[in-house]
Amino acid sequence: MKTGRNIRAIRKQRGLTLDELSALCGVSRDELGAYERGQATPRPGTVEKIAQALEAPIVTIREGMGWTAQEPVERWEADGAALRDGVLETVRELQGGDFTPDEADIRLLMESVKASIPALVEHMKDTRPELEIHREILEEFGLLPQTKEDDLVRQCALTDEQWAQVQGLLPPEKTGRGRAFKSNRLILDGILYHMITGTAWKNLPQCFGRYKCVSDRLRLWERTGVWGPVAEQLRKLGIDARP
């Protein structure tokens with residue numbers, strides 16, 4: 001079959017094995033072999049994947065197949081060319097109009113752009129205020145200016161050694177039903193902040209999440225008998241954990 005011969009010819013021209021092509025396009029080695037031997041006919045979507053992996057125009061592979069669903073294919077080819085042109089134009093603007101990167105560098109930049117898209121989409125979905133998002137990013141990279149409240153949070157938080165002696169007294173965060181509880185350590189640090197500083201629940205720092213989650217967890221632990229042993233262990237560690 002012409003399609004299979006075309007795939008095989010282009011694959012050989014690119015110097016790829018069946019295993020390498022399979023890894024690039026996500027189609028199994030056995031399926032690719034069947035296509036190349038003319039034992040099976042790939043669907044249009046499969047041909048598109050193979051063409052992308054081989055960096056070949058789809059028409060050179062699908063020639064003679066005779067299906068009419070061409071619009072998605074043409075759109076993919078146009079988008080790929082537009083991305084390449086955009087990357088090349090950006091590089092030239094940054095490096096000077098006469099600068100032309102190697103083809104391998106262009107491909108690498110295109111892959112980097114594609115890889116960044118999911119993170120950008122997730123950022124676009126984030127409906128929180130911009131200031132809150134910026135604060136989270138700065139905090140993640142350790143660039144957020146410290147405040148007195150931040151100092152208090154650190155002072156009231158358990159050290160790794162203290163947490164190791166308390167952790168086993170708390171119930172699992174994931175019970176197998178529904179969503180997992182918020183981190184026991186974060187909740188316990190919030191409880192200790194409330195108890196040590198005397199801060200009202202509603203004024204609990206935002207780093208602990210919703211204050212009601214923290215206060216409700218304490219009530220749950222008290223009601224189920226979890227809190228008694230935890231408070232006793234905290235006292236042994238020199239931490240006065242009284243509501």
>> Using the ring pair (Phe, Tyr, Trp, His ring centres under 6.0 Å) criterion, which residues pair with Phe208? Sequence neighbours excluded.
In response: Tyr193
> Which atoms form the tightest heavy-atom contact between Leu16 and Glu20, and what is the distance?
Replying inline: CA-OE1, 3.3 Å
>> Is there a side-chain contact between Leu21 and Thr17 in this structure, where contact means two heavy atoms from C-beta onward sitting under 4.5 Å apart?
In response: no
> Can you name the residues that form a ring pair (Phe, Tyr, Trp, His ring centres under 6.0 Å) with Trp163, not counting sequence neighbours?
Replying inline: none
>> Is there a side-chain contact between Leu192 and Thr197 in this structure, where contact means two heavy atoms from C-beta onward sitting under 4.5 Å apart?
In response: no
> What is the minimum heavy-atom distance between Val153 and Pro205, and which atoms define it?
Replying inline: CG2-CG, 4.0 Å
> Do Val166 and Val230 have side-chain heavy atoms sitting under 4.5 Å apart?
Replying inline: yes
> Could you state the interatomic distance from CD (Gln52) to CD (Glu48), rounded to the nearest 0.5 Å?
Replying inline: 5.0 Å
> Among pairs that include at least one residue of residues 155-164, which meet salt bridge (Lys or Arg N to Asp or Glu O under 4.0 Å), considering only residues two or more places apart or in two chains?
Replying inline: Asp160-Arg185
>> Test of understanding: with side-chain hydrogen bond (donor to acceptor under 3.5 Å, both in side chains), list the residues that count as partners of Gln39, not counting sequence neighbours.
In response: Arg37
> Could you walk me through whether Glu36 and Arg11 pass the salt bridge (charged side-chain N to carboxylate O under 4.0 Å, His left out) check?
Replying inline: CA-CA 10 Å; Glu36 290 190 359; Arg11 175 175 66 78; 2.7 Å; yes
> Looking at Pro171 and Asn184, what are the two nearest heavy atoms and their distance?
Replying inline: O-ND2, 2.8 Å
> How about Val214 and His194: do any of their side-chain heavy atoms sit closer than 4.5 Å?
Replying inline: no
> Between atom OG1 of Thr199 and atom OH of Tyr211, what is the distance when rounded to the nearest 0.5 Å?
Replying inline: 14.0 Å
> Taking side chain as C-beta onward, heavy atoms only, is Thr46 less than 4.5 Å from Tyr35?
Replying inline: yes
> Could you go step by step and tell me if Ile239 and Leu158 meet the side chain to side chain contact (heavy atoms under 4.5 Å, CB included) rule?
Replying inline: CA-CA 9 Å; Ile239 301 170; Leu158 295 175; 3.4 Å; yes
>> Can you list everything that forms a side-chain hydrogen bond (donor to acceptor under 3.5 Å, both in side chains) with Thr90? Sequence neighbours excluded, please.
In response: none
>> Give me the atom names and distance for the closest heavy-atom approach of Asp189 to Ala157.
In response: OD1-CA, 3.5 Å
> CD1 of Ile10 to CD1 of Ile50: how many Å apart, nearest 0.5 Å?
Replying inline: 10.0 Å
> For Trp201, does its backbone N or O pair with a side-chain atom of Ser215 as donor and acceptor, under 3.5 Å?
Replying inline: no
> Is there side-chain contact between Trp227 and Leu169, with at least one heavy-atom pair below 4.5 Å?
Replying inline: no
> Atom CZ in Arg43, atom NZ in Lys49: separation rounded to 0.5 Å?
Replying inline: 10.5 Å
> Taking all non-hydrogen atoms of both residues, which atom of Arg29 and which atom of Ser22 are closest, and how far apart?
Replying inline: N-OG, 3.5 Å
> Okay, side chain of Gln162, backbone of Thr159: is any donor-acceptor separation there less than 3.5 Å?
Replying inline: yes
> Residues two or more places apart in sequence or in another chain: which of them pass salt bridge (Lys or Arg N to Asp or Glu O under 4.0 Å) with Arg107?
Replying inline: Glu55
>> Would you say that more than 12 heavy atoms from the other residues, nucleotides or ligands in this model lie under 6.0 Å from the CZ of Arg14, or not?
In response: yes
>> Which heavy atom of Thr3 sits nearest to which heavy atom of Pro42, and what is that distance?
In response: CG2-CG, 3.9 Å
>> With clusters defined by side-chain heavy atoms of hydrophobic residues (ILVMFWY) lying less than 4.5 Å apart, directly or transitively, does Leu108 cluster with Leu24?
In response: no
>> Just verifying a value: how many Å separate Leu32 CG and Ile7 CD1, rounded to the nearest 0.5 Å?
In response: 7.0 Å
> Does Gln155 reach the side chain of Leu152, with side-chain heavy atoms less than 4.5 Å apart?
Replying inline: yes
> Is there side-chain contact between Met195 and Leu218, with at least one heavy-atom pair below 4.5 Å?
Replying inline: yes
> Just how far is it from atom CG of Leu186 to atom CD1 of Ile191, taken to the nearest 0.5 Å?
Replying inline: 10.0 Å
> When you check the gap from the basic side-chain N to the acidic O, do Glu232 and Arg235 get nearer than 4.0 Å?
Replying inline: yes
